[in-house]
*Asks:* 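Take a look at this one; I'll ask things after.
Side-chain atoms are counted along with the backbone in the values below, which use heavy atoms only and exclude waters and symmetry mates. We name chains A, B, ... by the order of the sequence lines, and we start the count at 1 in each one. Note that the coordinates shown come from a computational prediction; the quantities given were computed from them, not determined experimentally.
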Amino acid sequence: DAGITQSPRHKVTETGTPVTLRCHQTENHRYMYWYRQDPGHGLRLIHYSYGVKDTDKGEVSDGYSVSRSKTEDFLLTLESATSSQTSVYFCAIPSNTGELFFGEGSRLTVL
Amino acid sequence: AQKITQTQPGMFVQEKEAVTLDCTYDTSDQSYGLFWYKQPSSGEMIFLIYQGSYDEQNATEGRYSLNFQKARKSANLVISASQLGDSAMYFCAMREEYNFNKFYFGSGTKLNVKP
């Protein structure tokens, strides 16, 4: 199995506080993706990376920023969390056979 | 416009019967991939089956098959001989190979298998 881990797995925070989610891979893959999952919307792409320091916006990038200073780490930051950002966040990388391989997910609750 | 459309929010099927989950997609690319994922209540995303846009035959993986109709831009998942363990959310996804390999997902179908 591809090695991809997310941290934290669960977080409760208050509106207006900054939050950073970390995705770590051991597959040395060039591409990494952050998705959020909400009922009725499926998974929506927030940001993606195609190499170290190479990132771009996805469908729902407002309120989020990312950084990729090393191949293995892709960080998702909510500068000032809002209740609308309560969601389950998935990090993913392409597998060797082409499908997307997902981390375990990070459940974020913004009160 | 939606890239992936799943029009069935929820479905029921009797155990041991076959079920079809619908998926339509929208792309102007010639080269793309279509995928189905299963998400049980535990939350992990499980890859089920893949169909390439140039594949002439429908993909099959055990009890899963993908009914690919390119002209209609549809990629329906067929599960044969449903089992109780098939109860889960199912997501259709498309990868655009000339667009940073980005994957787009549908809103999902919740399948309930009745004993």
Side-chain angles (χ1 to χ4, degrees), chain A residues 1-6 8-10 23 27 29-61 66 68 74 87-109, chain B residues 1-10 21-26 31-55 59 61 64 66 75 77 88-110:
Chain A
D1 283 350
I4 180 169
T5 55
Q6 295 183 225
R9 295 288 313 281
H10 300 273
C23 178
E27 302 302 307
H29 209 288
R30 179 182 173 197
Y31 290 99
M32 297 184 78
Y33 308 88
W34 275 109
Y35 287 87
R36 61 176 288 174
Q37 182 179 12
D38 305 288
H41 292 279
L43 284 87
R44 293 179 291 175
L45 182 64
I46 306 171
H47 280 278
Y48 63 99
S49 171
Y50 47 97
V52 173
K53 297 186 180 175
D54 290 324
T55 65
D56 205 348
K57 298 177 180 180
E59 309 165 75
V60 290
S61 59
V66 289
R68 187 143 179 229
F74 191 32
S87 187
V88 180
Y89 292 85
F90 284 97
C91 177
I93 60 173
S95 74
N96 291 336
T97 45
E99 74 271 15
L100 212 54
F101 186 80
F102 289 88
E104 317 97 312
S106 296
R107 184 174 295 275
L108 176 67
T109 302
Chain B
Q2 289 269 49
K3 293 267 190 185
I4 297 286
T5 302
Q6 294 181 253
T7 57
Q8 306 152 313
L21 307 185
D22 294 341
C23 173
T24 58
Y25 61 92
D26 182 28
S31 181
Y32 52 90
L34 297 159
F35 302 78
W36 278 91
Y37 285 82
K38 173 184 178 181
Q39 187 180 44
S41 57
S42 51
E44 71 268 31
M45 295 289 288
I46 301 168
F47 164 69
L48 294 177
I49 195 167
Y50 162 78
Q51 178 87 40
S53 58
Y54 294 113
D55 294 341
E61 287 287 346
Y64 304 109
L66 199 153
L77 177 70
M89 281 290 288
Y90 289 82
F91 293 99
C92 179
M94 175 179 67
R95 179 186 68 204
E96 290 185 328
E97 294 171 10
Y98 297 121
N99 190 12
F100 298 99
N101 281 318
K102 286 190 283 188
F103 283 69
Y104 297 93
F105 287 80
S107 55
T109 296
K110 173 77 170 154

*Asks:* Under 4.5 Å heavy-atom distance to chain A, tell me which part of Lys110(B) shows up: side chain, backbone, both or neither.
*Replies:*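 Neither the backbone nor the side chain of Lys110(B) comes within 4.5 Å of chain A.
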*Asks:* Determine the minimum heavy-atom distance between Ala88(B) and Gln39(B), stating which atoms define it.
*Replies:* CB-O, 3.5 Å
*Asks:* Inspect the contact between Asp54(A) and Arg30(A) and indicate whether a charged nitrogen and a carboxylate oxygen are less than 4.0 angstrom apart.
*Replies:*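 Between Asp54(A) and Arg30(A) there is no salt bridge, as every charged N stays at least 4.0 Å from the carboxylate O atoms.
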*Asks:* In terms of heavy-atom pairs under 4.5 Å, which option from His41(A), Arg107(A), Arg44(A) contacts chain B the most?
*Replies:* His41(A)
*Asks:* Sub-3.5 Å donor-acceptor pair from the side chain of Trp34(A) to the main-chain atoms of Gly58(A), do we have one?
*Replies:*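 No, because the side chain of Trp34(A) does not come within donor-acceptor range (under 3.5 Å) of the backbone of Gly58(A).
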*Asks:* Can you tell which part of Gln6(B) gets under 4.5 Å to a heavy atom of chain A, answering side chain, backbone, both or neither?
*Replies:*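 Interface part for Gln6(B): neither.
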*Asks:* With a 6.0 Å cut-off on ring centres, are Tyr35(A) and Phe103(B) close enough?
*Replies:* no
*Asks:* For Ala59(B) and Ile49(B), which heavy atoms make the closest approach, and how far apart are they?
*Replies:*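 It is O-CD1, 3.4 Å.
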*Asks:* Most heavy-atom pairs under 4.5 angstrom with chain A, which of Glu44(B), Lys102(B), Met89(B)?
*Replies:* Lys102(B)
*Asks:* Is it the side chain or the backbone of Leu45(A) that comes within 4.5 Å of chain B heavy atoms, both, or neither?
*Replies:*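 Contact with chain B involves the side chain of Leu45(A) alone.
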